Enquirer: 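Sharing a structure below in structure tokens format, with a few things to ask.
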Amino acid sequence: MKLVVTEKNIAAQKIADLLGVGKPKADKVYNTPVYRFERAGEEWVTIGLRGHILEPDFMPSIVYSKKDGWQGVNAEGEVRPANIPDFLPKPPFKTKRKPFTADGVQMGAWKMDALPYLAYAPIEKLPKEKDIIRSLKNLAKKADDIIIATDFDREGELIGSDALSCIKEVNTTAPVSRARYSAITKEEITHAFTNLVALDENLAQAGESRQDIDLIWGAVLTRYLTIVKFAGYGNVRSSGRVQTPTLALIVARERERMAFVPEDYWVIKAGFAHNADEFEATHATARFKSEAEANAVMAHVEGATKGTVTSIEKRKRTVAAPVPFNTTSLMAAAAAEGLSPARTMRIAESLYMDGYISYPRVDNTVYPESLDLAGTVKRLSDVPAYRPYCQELLKKGTLTATRGKKETTDHPPIHPTAAADPDKLGGPEWKLYNLIARRFLATLSDAAVVEGTKVTVDVNGEPFVTRGDVLVKPGFRAIYPYGLKKDEQLPALDEGMTVDFKGATCTKKQTEPPARYSQGKLIQEMERLGLGTKATRHAIIERLYTVKYIQNDPIEPSQLGIAVCDALGRFAPQITTPDMTATLEEDMDGIANGTKTRREVVDLSRDILNDVLRELLPHSEEVKEALSDAVAADAYVGPCPKCGKDLQLRASSKTRSMFIGCAGWPDCDVTYPLPKGKIEAVEEKCPTCGMPQIKVTAFRSKPRIMCIDPNCPTNQEPDVVVGTCPTCAAKGLNKKLIASKNPRTLKRFIRCENYDECNTSYPLPQYGELIATEEVCEHCGAPMVVVKTARGPWKLCPNFNCPGKEKEAEEKEAKAAAKKGGSKAKSATAKKASSKKATAK
DNA sequence: GCAAGGTC
């Protein structure tokens with residue numbers, strides 16, 4: 001039996017489809033899907049991994065061994081003294097509560113003193129995907145031939161090498177080879193499997209050195225930042241080779257903005273009309289530095305009614321066709337169409353797996369010679385919307401493509417590999433496919449020619465200028481309309497013509513500081529600097545959000561983010577710049593081509609980290625204070641009305657829910673409840689009562705500003721009678737249901753006015769104007785209410801257990817299932833979920 | 001309780 005190991009399940013499936021004679025048989029080995037088929041009279045089976053199946057970690061198995069446990073050595077080779085506690089987070093035995101030593105130190109807690117030893121701790125590879133490993137070994141036992149068919153890149157080689165090490169544990173004799181492909185198409189796959197090569201162990205070692213270095217630096221610095229000012233479990237302050245330089249970019253931009261001194265300037269715009277056409281023009285001096293100058297111009301044109309067209313300049317310019325897509329340029333272009341980087345990658349992955357586009361994680365922007373451009377255009381002509389354009393292109397005979405700056409040979413730039421049907425793909429899938437297909441055709445097209453027109457109109461000696469753009473030769477723009485300003489048509493004007501002057505306005509403006517990064521821009525900047533990979537950049541940015549180093553979009557750093565960046569910049573500058581990645585890349589190239597060893601590269605990195613610790617540890621007090629101040633500044637909402645100390649956003653240690661508490665606790669017991677959603681401090685005080693205000697952003701809602709004091713009149717709401725109580729009505733009583741706000745917690749809900757005897761109550765959305773209706777829910781008899789939200793009025797039955805709710809949920813699920821193609825497995829799980837819900841109730 | 005890199 002021949003065993004083919006791929007990086008992911010869907011690749012295993014596709015490869016089986018392409019290599020097998022007839023349809024492969026989908027099977028399972030311990031819950032892992034595998035695909036069996038026949039080829040040239042032999043039995044084959046493919047299995048997909050889930051990316052990396054092993055994960056590096058410090059050696060827990062050895063650290064806790066009592067007999068000859070690893071004690072740890074530092075740079076000098078000194079053995080870790082007994083008075084420095086173990087540094088690994090897991091206690092050696094299973095227990096719910098973490099054990100304490102006699103002096104109250106929590107065992108297993110991270111220890112500052114142990115960090116220099118951690119920098120030299122040995123690393124081993126532990127299983128990460130145990131189920132997959134078990135299935136892989138089971139198959140490997142029976143295999144006569146092993147073919148590693150993971151992705152064709154450095155991490156792919158490492159994933160394959162890890163898989164092989166698992167296989168070797170159970171089968172040492174079967175010969176091993178490597179299939180290399182860069183698109184899952186019939187040609188590529190057949191070619192790869194008829195031209196098998198050997199696994200590149202050097203390349204895999206290069207990948208492993210990256211893993212080691214990332215773990216060592218990440219663990220040491222993250223632990224340092226977390227424990228230098230411990231803020232409770234769950235409050236990790238992370239640092240890493242990619243995330244910290246990325247944070248530094250954001251902080252640096254914020255610094256530029258803070259240092260920016262805005263300058264005033266004045267802009268004069270004038271309105272003109274010619275026959276029925278109106279147009280606007282700006283004074284030839286685009287920005288007046290002084291108000292006096294601007295006023296002088298306004299005085300010159302005061303009272304004028306006519307202007308004269310003094311010149312019309314026309315200039316043609318060519319706009320070059322765009323270059324082929326790589327991951328970053330695709331993400332940027334898709335972001336402009338409303339698809340976030342993360343979403344774009346998810347969709348691209350599925351389009352790739354379904355054979356519509358080539359491999360989506362690439363840097364390359366130059367089509368390889370082997371790519372059949374004309375053949376691809378022919379294939380695309382099956383899409384009705386592209387057909388006429390494709391035919392035009394094919395008429396040209398030879399096709400020449402534009403070339404981007406980056407040229408690598410692992411994968412071709414992202415291009416379509418098959419025609420797609422807009423009715424078969426989902427909306428966003430088609431949107432992305434359409435972008436990719438049109439971009440591909442655009443890269444084979446001529447430049448566009450635009451005629452720019454500059455018209456100057458004179459009013460009492462003051463020149464006003466307006467510009468228009470007209471497309472004279474569409475070129476690539478005929479197929480690629482993305483990212484363009486609309487043509488700006490000007491009325492037909494001639495030199496010497498007189499036009500009506502409709503008056504001028506002078507506006508005072510200020511120069512703007514450099515803009516904050518948007519997520520899309522930051523990803524582009526990360527790519528430019530070589531930070532992260534196309535597959536990880538969006539995840540890195542998300543990480544910075546979850547550890548609260550950054551907030552909002554466009555991105556601004558928190559005080560904590562700035563403090564972390566400053567502290568590391570002073571004492572561990574290596575981790576704050578992209579240079580570390582650049583050096584690592586060079587070293588990895590060295591390992592891949594055999595001039596360096598992984599051992600040598602990792603050991604050197606450990607030494608550098610040790611030097612960093614020598615700087616960092618003596619300055620711990622300073623770092624601690626800087627972090628404390630920053631955390632307090634981020635949490636600050638205003639002064640305490642009782643004791644004057646700081647009111648802060650805090651998390652309850654028991655429930656983890658947020659509240660506002662006084663920094664003077666336990667001496668001062670002032671607290672305020674908080675509504676659900678994201679909470680931010682706001683500078684402006686409540687106009688009604690002068691207390692601090694907060695910005696609340698509930699899930700899928702617009703942010704709203706509210707006073708923190710529940711007793712403030714702005715937080716009061718009159719009780720609303722919403723109907724009659726169905727429970728009491730059944731007993732023959734006539735009682736009203738009332739919507740009211742609990743004055744202490746601000747929670748709004750409906751309850752029966754007879755609440756001493758009747759416990760009928762319904763929850764309500766917590767904000768939005770509440771309006772009673774005459775209607776009663778057809779399913780449960782509860783009164784229907786209308787809540788006016790930012791997205792418009794919303795009529796609902798407040799009864800949480802209303803039978804109508806379940807029906808609605810089922811319909812929604814059915815709809816979602818139908819959209820996804822309604823696979824049997826899907827609807828089965830949906831049913832299970834809904835029945836689970838029902839039992840829970 | 002750590003990183004970054006794959007994939008889900």
Side-chain angles (χ1 to χ4, degrees), chain A residues 5-12 31-33 48-58 60 87-91 98 106-111 114-115 118-119 121 123 125 128-129 131-132 150-163 204 206-228 230-247 342 345-346 348-350 352-353 359-361 526 530-544 546-547 575 580-581 584-585 588 602 605 609:
Chain A
V5 182
T6 69
E7 195 158 315
K8 48 206 163 227
N9 175 45
I10 196 140
N31 271 332
T32 307
L49 308 176
R50 233 179 283 175
H52 291 281
I53 55 170
L54 301 183
E55 191 174 33
D57 205 350
F58 305 112
F87 52 76
L88 281 169
K90 292 169 213 142
K98 293 194 175 174
Q106 197 156 17
M107 269 185 66
W110 292 344
K111 286 290 150 204
L115 293 180
L118 183 62
I123 290 170
K125 285 220 155 171
K128 187 184 175 210
E129 301 286 346
D131 290 351
I132 300 242
T150 46
D151 287 356
F152 180 18
D153 51 30
R154 186 176 59 224
E155 295 295 328
E157 212 70 13
L158 175 56
I159 291 164
S161 162
D162 284 347
E208 203 150 329
S209 70
R210 178 203 60 73
Q211 285 188 323
D212 291 353
I213 289 170
D214 282 343
L215 174 66
I216 299 163
W217 281 77
V220 167
L221 292 177
T222 299
R223 289 178 187 194
Y224 175 83
L225 290 171
T226 304
I227 57 186
V228 72
F230 186 62
Y233 286 96
N235 266 322
V236 174
R237 283 188 278 272
S238 60
S239 173
R241 170 178 59 84
V242 179
Q243 61 167 270
T244 305
T246 305
L247 174 64
M345 286 316 287
R346 258 202 317 278
E349 179 73 18
S350 85
Y352 159 63
M353 284 306 170
Y359 189 69
R361 288 186 280 270
M526 287 170 79
L531 291 171
T533 73
K534 328 98 207 169
T536 58
R537 285 182 194 121
H538 65 265
I540 298 281
I541 297 173
E542 266 172 18
R543 175 79 190 149
L544 294 176
T546 46
V547 294
I575 198 77
M580 182 165 171
T581 296
L584 178 62
E585 288 289 342
M588 282 194 292
V602 174
S605 186
L609 176 59

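Naming convention: chains lettered A, B, ... in sequence-line order (proteins, then strands); numbering from 1 in each chain. Basis for what follows: all heavy atoms, side chains included, without hydrogens, waters or symmetry-related copies. Just so you know, these numbers come straight off a predicted model, no measurement behind them.
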Enquirer: Just to be sure I understand the rule, does A:G51 reach a base, reach only the sugar-phosphate, or reach nothing, if contact means heavy atoms closer than 4.0 Å?
Expert: base

Enquirer: CG of A:L115 versus C1' of B:dG1: gap in Å, rounded?
Expert: 14 Å

Enquirer: Which residue, A:L49 or A:L215, contacts DNA chain B at a nucleotide closer to its 5' end, judged by nearest heavy atom?
Expert: A:L215

Enquirer: Is any side-chain heavy atom of A:I216 closer than 4.5 Å to a side-chain heavy atom of A:I123?
Expert: yes

Enquirer: Compare the minimum distances between each of B:dC8, B:dC2, B:dG6 and the side chain of A:E349, then state the nucleotide with the smallest one.
Expert: B:dC8

Enquirer: Verify the contact: side-chain N or O of A:R210 to OP1 or OP2 of B:dG5, cut-off strictly under 4.0 Å; return yes or no.
Expert: no

Enquirer: What is the distance, to the nearest angstrom, from the CZ atom on A:R223 to the C1' atom on B:dC2?
Expert: 6 Å

Enquirer: With heavy atoms under 4.0 Å as the rule, sort A:T150 into base, sugar-phosphate or nothing.
Expert: nothing

Enquirer: Tell me if a side-chain donor or acceptor on A:T222 pairs with a main-chain N or O of A:S239 at a distance below 3.5 Å.
Expert: yes

Enquirer: With no angle test and no hydrogens, is the base of B:dC2 tied to the side chain of A:D57 by a donor-acceptor pair under 3.5 Å?
Expert: yes

Enquirer: Between C1' on B:dC8 and CD on A:E7, what's the gap in Å once rounded to a whole number?
Expert: 13 Å

Enquirer: Assign A:E157 to base, sugar-phosphate, or nothing according to its heavy-atom contacts below 4.0 angstrom with the strands shown.
Expert: nothing

Enquirer: Would you classify A:T226 as touching base, sugar-phosphate or nothing, given that sugar-phosphate means primed atoms plus P, OP1 and OP2, and contacts are heavy atoms under 4.0 Å?
Expert: base

Enquirer: Counting only side-chain N and O atoms of A:Q243, is one of them less than 4.0 Å from OP1 or OP2 of B:dA4?
Expert: yes

Enquirer: So, OP1 or OP2 of B:dG5: does either fall under 4.0 Å of a side-chain N or O from A:R241?
Expert: yes

Enquirer: Looking for any heavy atom pair under 4.0 Å, which part of the strands does A:I540 touch: base, sugar-phosphate only, or nothing?
Expert: sugar-phosphate

Enquirer: From the set B:dG6, B:dA4, B:dC2, return the single nucleotide nearest to any side-chain atom of A:D214.
Expert: B:dA4

Enquirer: Among B:dG6, B:dA4, B:dA3, which nucleotide has an atom closest to any side-chain atom of A:A535?
Expert: B:dG6

Enquirer: State, with a plain yes or no, whether a side-chain heavy atom of A:K8 is found less than 4.5 Å away from one of A:E349.
Expert: yes

Enquirer: Tell me which nucleotide among B:dC2, B:dG1, B:dT7 gets nearest to the side chain of A:Y359.
Expert: B:dT7

Enquirer: Between B:dT7 and A:R361, is there an OP1 or OP2 to side-chain N/O distance shorter than 4.0 Å?
Expert: yes

Enquirer: Quick one: label A:G532 by what it contacts on the DNA or RNA (base, sugar-phosphate, nothing), any heavy atom closer than 4.0 Å.
Expert: sugar-phosphate

Enquirer: Taking the minimum atom-to-atom distance to the side chain of A:V236, which one of B:dA3, B:dG5, B:dG1 wins?
Expert: B:dG1

Enquirer: So which nucleotide from B:dG5, B:dC2, B:dT7 ends up closest to the side chain of A:T222?
Expert: B:dC2

Enquirer: Which of these nucleotides, B:dT7, B:dG1, B:dC2, is closest to any side-chain atom of A:I227?
Expert: B:dG1

Enquirer: Counting any heavy atom closer than 4.0 Å, what does A:R50 reach on the DNA or RNA strands: base, sugar-phosphate only, or nothing?
Expert: base

Enquirer: Could you state the atom-to-atom distance from CD1 of A:I10 to P of B:dG6 in whole Å?
Expert: 19 Å

Enquirer: Does A:E7 use its side chain to pair, donor to acceptor, with the backbone of A:D151 at less than 3.5 Å?
Expert: yes

Enquirer: Would you say A:S238 reaches B:dC2's phosphate, i.e. side-chain N/O to OP1/OP2 under 4.0 Å?
Expert: no

Enquirer: Do any N or O atoms from the side chain of A:R537 and from the backbone of A:G532 form a donor-acceptor pair under 3.5 angstrom?
Expert: yes

Enquirer: For A:M353 and for A:H52, locate the closest nucleotide of DNA chain B by heavy-atom distance; then report the residue assigned to the nucleotide nearer the 5' terminus.
Expert: A:H52

Enquirer: Are side-chain heavy atoms of A:E208 and A:V602 found at a separation under 4.5 Å?
Expert: no

Enquirer: Would you indicate what A:E55 reaches in the nucleic acid, counting non-hydrogen atoms under 4.0 angstrom: base, sugar-phosphate, or nothing?
Expert: base

